[in-house]
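Just so it is clear, the values below take in all heavy atoms, side chains as well, and ignore hydrogens, waters and symmetry mates. Given the structure is predicted, the values throughout are model-derived calculations rather than measurements. All residue numbers in this chain count up from 1 along the given sequence. Each ligand, and each atom within it, is numbered from 1 in the order the structure gives.
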Amino acid sequence: RGEQMDYEFIRVARDQAVGIITLHRPEVLNALNLKLVDELVEALENMDRDDSVRTIVLTGNEKAFAAGADIDEMADETAISMLLKDQFTVWDRIATINKPIIAAVSGYVLGGGCELMMNCDIVIASETTKIGQPEINLGVMPGAGGTQRLTKMVGKVKAMEMLLTGSPISAEEALRYGLVNKVVPVEMYLQEAVTLAKKIAAKPPLAVRLIKKSVLKAIDNPLSEGLAYERNCFYLLFASEDQTEGMRAFVEKRKPKFTGR
Ligand code: CO8
């Protein structure tokens with residue numbers, strides 16, 4: 001399992017220690033149907049288990065990272081059919097991936113697409129990126145974290161504006177509000193993300209993993225709990241061979257060789 005041929009709506013590839021997942025439903029601007037999300041979660045979890053993958057890049061195409069959940073698939077749902085389908089149990093597993101996920105986005109990043117981007121750890125955006133939560137225009141609201149994660153990221157008044165008008169913001173505006181890390185020309189966004197992913201892939205993996213976990217703790221917990229968690233992770237890393245190697249290499253003025261142990 002996990003071979004390319006298993007997937008209908010995504011593509012998986014490798015560039016050295018970077019796993020690359022490409023959303024691939026170009027004819028509908030990568031609208032996220034249930035099967036696509038299932039495949040995405042399976043690919044993410046496979047890469048998370050694979051020691052030779054250190055970081056993950058998640059991308060779409062130039063025109064769309066993802067224009068949201070698949071509206072055709074949702075149009076005839078009822079409250080009870082949605083509840084029974086329980087699509088968010090699989091969705092929530094995206095937030096449990098241990099390895100850093102770098103989103104390389106361009107074009108439309110709307111609705112569930114924006115919520116997916118906000119589940120990533122670092123975001124590189126092309127100049128043509130448009131980010132928004134247009135659910136209100138369909139008579140609904142975000143259901144995969146859009147009201148919560150967006151508010152924590154951009155603050156109350158900007159979140160209100162985006163969620164209540166449904167109008168997308170530009171890449172530059174997203175940069176100002178801290179929704180994306182960097183805006184680059186459209187020819188470069190994927191390469192830029194892969195370069196960044198390779199840089200992080202060269203770092204000691206246990207430290208990478210515990211830093212990601214600790215930062216995510218800050219979003220959801222009081223400071224005192226986050227600090228206690230950080231302290232324990234910090235102590236834990238002193239049990240790793242990479243701590244011994246990293247500090248010894250510094251003292252010996254040579255480059256460290258990290259093994260992930
Ligand atoms: N779902 C299904 N099909 C879509 C979607 C979508 N979200 N977005 C675009 N498409 C399809 C279009 O129907 C069209 O198909 P066809 O060629 O068969 O007519 C094709 O993609 C190309 O789209 P357009 O012709 O509309 O292209 P335009 O360039 O004219 O417009 C827009 C681009 C502005 C992005 C427009 O397509 C649009 O408004 N799309 C819908 C955006 C939207 O409302 N997204 C929010 C969806 S609701 C949601 O995400 C709730 C999240 C809940 C959690 C989900 C977890 C997965």
Per-pair distances, ligand 1 N/O vs protein N/O, less than 3.5 Å:
unit_1	atom_1	unit_2	atom_2	d
ligand 1	1 (N)	A69	O	3.4
ligand 1	1 (N)	I71	N	2.9
ligand 1	7 (N)	A67	O	3.0
ligand 1	7 (N)	A69	O	2.9
ligand 1	45 (N)	A67	O	3.0
ligand 1	50 (O)	A69	N	2.8
ligand 1	50 (O)	G112	N	2.8

Contacts of K35 that satisfy side chain to side chain contact (heavy atoms under 4.5 Å, CB included) - sequence neighbours left out: E8, F9, N33, E39
Identify all side-chain donor-acceptor contacts of residues 171-181 below 3.5 Å with residues at least two apart in sequence or on another chain.
unit_1	atom_1	unit_2	atom_2	d
E173	OE2	K158	NZ	2.6
N181	OD1	V123	N	2.7

Testing K213, K99, K212 one by one against D121 for a salt bridge (charged side-chain N to carboxylate O under 4.0 Å, His left out), which residue passes? K212
How is the hydrophobic cluster of L110 composed, in terms of its other members, when Ile, Leu, Val, Met, Phe, Trp and Tyr link through side-chain heavy atoms under 4.5 Å apart, directly or indirectly? L29, Y108
Between V186, V183, L190, which is the residue that forms a side chain to side chain contact (heavy atoms under 4.5 Å, CB included) with S126? V186
Regarding R254 and E245, does a basic nitrogen lie under 4.0 Å from an acidic carboxylate oxygen? yes
